[in-house]
Amino acid sequence: MEIEPHSTLKNRTLGLYYKICIQVIKKRDKFYYVDLFASDGESICKDTDNKVWQAPFITQFLETAKKGQIDLVCYFNDLDSEKCEKLKNNLKAYDKFVKKITNEDANKVYKEFLKEIPKDEWSIFFLDPFKHSDLDFETIKSISEWSAYDERSKSTRRPELIINLMTYTMQRNARINKPNVMKAVGGGDWIDLVENKTTDEKTYEILHDSFIKNLESLGYFTTSIEIRQTPPLNSVLYYLIFASSIPQAHEIQERFKKDILVYQKKWSQQNYRLKLISKVTKQGMKPLSDYGK
């Protein structure tokens, strides 16, 4: 799948977070990973390095399982039939760890997956819709209710969530198509806040804060990481939200955020440089980086 430079920030962020998860998984019995918008399992960014990269869940979770280091069960879904078929081909080497690959509406198929995941085991649901209207907040709420008391942490275990909250497209609809946004964000006072915001207030921040409030009301602790456009632009495109009901996991996510912000600054600068090189190359010019070789 072809992606924009900012999506490389998301993929790299996930890759590092999954590495942390693997260290925890090694101490447990089993781990369940669910991706409801899995796409085809690979990405290419023609504006930067033009390389084909495997998805983070392949390079981290599936490769580690293949080496026999973790006990993994995966469920994948994508609504696009062509991407789904390509995903199946890309995951043939990992058939042992892939329980199901489906081609259905994410807001329906998750129920089928949940039934096969023990409530007291650790699971991550990665919710990365292609449009904000592809993921209903009611789906998130229903997933959160698949819970059990966890003796290890002495708290309620719910499926861990990683959510792409697409505020950039939401803010376009917040005034003209409120039901569309309500379906994705959930209820709250965000409509009044958007209608009456001052020039200093940002619509995307209002939507984010309302979503977080709704998410935390389900019993989650949350950590949000902004994903911004590649410099020189700097708009917030979406938030990558990590949600866990386990306090110890939330502490790990908060520490991870502090580290990842440093990495993202470096990655953004790298993307900007590669984007400039790509641009001049397409124009038939020789980039300055080629001189002196």
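All residue numbers refer to positions in the sequence shown, counting from 1. Since the model is a prediction, treat every value here as computed from it, not as a measurement.
Contact of the Arg228 side chain with the Leu237 side chain is not registered, since no non-hydrogen atoms from C-beta on lie closer than 4.5 Å. Counting heavy atoms from C-beta outward, Asn173 and Met170 have side chains that stay 4.5 Å or more apart.
Side-chain heavy atoms closer than 4.5 Å link hydrophobic residues (I, L, V, M, F, W, Y) into clusters, and following such links, possibly through other members, connects Leu127 to Ile212. The same ILVMFWY cluster, assembled from side-chain heavy atoms under 4.5 Å apart, contains both Leu165 and Leu218. Under the 4.5 Å side-chain heavy-atom criterion for ILVMFWY residues, a single connected hydrophobic cluster contains both Ile140 and Val109. In this structure, Leu135 is a member of the same hydrophobic cluster as Ile241, with clusters built from ILVMFWY side-chain heavy atoms closer than 4.5 Å. Using a 4.5 Å cut-off between side-chain heavy atoms of Ile, Leu, Val, Met, Phe, Trp and Tyr, with links allowed through other members, Ile162 and Ile246 fall into different hydrophobic clusters.
From Leu91, atom CG reaches atom NZ of Lys86 across 12.0 Å, with rounding to the nearest 0.5 Å. Between the CD1 atom of Ile22 and the OH atom of Tyr17 there is a distance of 12.0 Å, given to the nearest 0.5 Å. Rounding to the nearest 0.5 Å gives a distance of 13.5 Å between CG of Asp29 and CD1 of Ile70. Note that CD of Glu201 is 9.5 Å distant from CG of Asn196, once rounded to the nearest 0.5 Å. Taking CG from Leu87 and CD1 from Ile58, the interatomic distance works out to 7.0 Å, rounded to the nearest 0.5 Å. Within the model, atoms CD of Gln69 and CD of Glu63 stand 10.5 Å from one another, a figure rounded to the nearest 0.5 Å.
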Point to revise | Derivation and outcome, side-chain contact (heavy atoms from CB on, under 4.5 Å), residues Ile252 and Ile20 | key: CA-CA 9 Å; Ile252 292 173; Ile20 295 172; 3.8 Å; yes
Exercise for review: Mind running salt bridge (charged side-chain N to carboxylate O under 4.0 Å, His left out) on Lys115 and Glu112 for me, showing each step along the way?
Suggested key: CA-CA 6 Å; Lys115 291 176 183 177; Glu112 178 184 330; over 6 Å; no
Review point. How far apart are the C-alpha atoms of Ile101 and Cys84, what are their side-chain angles, what is the distance that settles it, and do they pass the side-chain contact (heavy atoms from CB on, under 4.5 Å) test?
Key: CA-CA 8 Å; Ile101 300 177; Cys84 197; 3.8 Å; yes
**Study point:** Phe125 vs Ile117, side-chain contact (heavy atoms from CB on, under 4.5 Å): CA-CA, chis, key distance, verdict
**Key:** CA-CA 11 Å; Phe125 275 67; Ile117 299 175; 4.1 Å; yes
Review point. When you look at Phe97 and Val73, which way does the side-chain contact (heavy atoms from CB on, under 4.5 Å) test go after all the steps?
Key: CA-CA 5 Å; Phe97 314 104; Val73 181; over 6 Å; no
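Remark: Lys99 is not positioned above the aromatic ring of Phe76, lacking an NZ or CZ atom under 6.0 angstrom from the ring centre and at most 45 degrees off the axis. Stacking of Lys66 on the aromatic ring of Tyr94 is recorded, both the 6.0 Å distance cut-off and the 45° axial limit being met.
Around NZ of Lys100, the count of heavy atoms belonging to other residues, nucleotides or ligands within 6.0 Å exceeds 12. Enclosure of atom NZ in Lys26 by more than 12 non-hydrogen atoms of other residues, nucleotides or ligands within 6.0 angstrom is indicated. The neighbour count for Lys83 NZ, taken as heavy atoms of other residues, nucleotides or ligands under 6.0 Å away, is above 12. Counting non-hydrogen atoms of neighbouring residues, nucleotides and ligands closer than 6.0 angstrom, the NZ atom of Lys30 exceeds 12 such neighbours. Residue Lys111 qualifies as open at atom NZ: its count of foreign heavy atoms under 6.0 Å is 12 or below. The number of heavy atoms from other shown groups lying within 6.0 Å of CD (Glu82) does not exceed 12.
Here the shortest heavy-atom pairing between Ser133 and Lys183 reads O-NZ, 4.4 Å. The minimum heavy-atom distance linking Lys257 with Ser224 is given by the pair NZ-O, 2.9 Å. Nearest heavy-atom pair, Lys119 versus Ala148, reported as atom, atom and distance to 0.1 Å: CB-CB, 3.7 Å. Closest non-hydrogen pair, Ile25 versus Trp122, comes out as CG1-CZ3, 3.4 Å. In terms of heavy-atom proximity, Ser155 sits nearest to Pro247 at OG-CD, 3.6 Å. Residue Ala174 comes nearest to Val194 through the heavy atom pair CB-CG1, 4.2 Å, listed as atom of the first residue, atom of the second, then distance.
Arg28 contributes no side-chain N or O that, together with a main-chain N or O of Glu121, makes up a donor-acceptor pair within less than 3.5 Å. The closest donor-acceptor contact from the side chain of Ser210 to the backbone of Leu207 lies at 3.5 Å or more, if one exists at all. No donor-acceptor pair closer than 3.5 Å links the side chain of Trp190 to the backbone N or O of Val181. When atom types are taken as modelled, the side chain of Arg158 and the backbone of Ser144 share a donor-acceptor pair closer than 3.5 angstrom. Between the Asn103 side chain and the Leu79 main chain, a donor and an acceptor come within less than 3.5 Å of each other. Checked by atom type and distance alone, the side chain of Ser147 never pairs as donor or acceptor with a backbone atom of Thr156 at under 3.5 Å. Not one N or O on the side chain of Asp192 forms a donor-acceptor pair closer than 3.5 Å with the backbone of Asp189. Of the possible polar contacts, one joining the Asn214 side chain to the Gly187 backbone as a donor-acceptor pair under 3.5 Å is found.
Ionic pairing of Lys197 and Glu205 is not present here: no N-O contact between side-chain nitrogen and carboxylate oxygen is shorter than 4.0 angstrom. Between Glu254 and Lys258 there is no salt bridge, since no side-chain nitrogen of the basic residue lies less than 4.0 Å from a carboxylate oxygen of the acidic one. Ionic pairing of Asp128 and Lys10 is present here: one or more N-O contacts between side-chain nitrogen and carboxylate oxygen are shorter than 4.0 angstrom. Look at Lys213 and Glu216 and you find no salt bridge, because none of the NZ, NE, NH1 or NH2 atoms lies under 4.0 Å from a carboxylate O.
Between the side chains of Trp53 and Glu42, not a single donor N or O lies within less than 3.5 Å of an accepting N or O. Under 3.5 Å, the side chains of Asn164 and His132 contain no donor-acceptor pair of N or O atoms. Side-chain contact check for Asp78 and Ser39: no donor-acceptor pair (N or O, by modelled atom type) lies under 3.5 Å. Judged purely by distance below 3.5 Å, without hydrogens or angles, the side chains of Gln248 and Ser153 never pair a donor atom with an acceptor atom. Side chains of Tyr75 and Glu116: a donor-acceptor N/O pair is present below 3.5 angstrom, by distance only. For the 3.5 Å distance criterion, the side chains of Thr139 and Asn107 qualify, holding a donor opposite an acceptor. Side-chain N/O atoms of Thr167 and Tyr239 include no donor and acceptor closer than 3.5 Å. Side chain to side chain, Glu160 and Gln253 meet the donor-acceptor criterion of an N or O pair below 3.5 Å.
No option in Tyr220, Phe242, Phe221 other than Phe221 meets the ring-ring contact (aromatic ring centres under 6.0 Å, His included) test with His250. Just one of Phe61, Phe126, Phe256, Phe31 meets the ring-ring contact (aromatic ring centres under 6.0 Å, His included) condition when paired with Tyr18; it is Phe61. Partner of Cys74 under the side-chain contact (heavy atoms from CB on, under 4.5 Å) criterion, chosen from Phe113, Tyr32, Tyr33, Phe57: Tyr33.
Ring orientation note: the planes of Phe137 and Phe211 are nearly perpendicular, at an angle over 60° on the 30°/60° scale. Under the 30°/60° scheme for interplanar angles, the aromatic rings of Phe37 and Phe130 are found to stand perpendicular.
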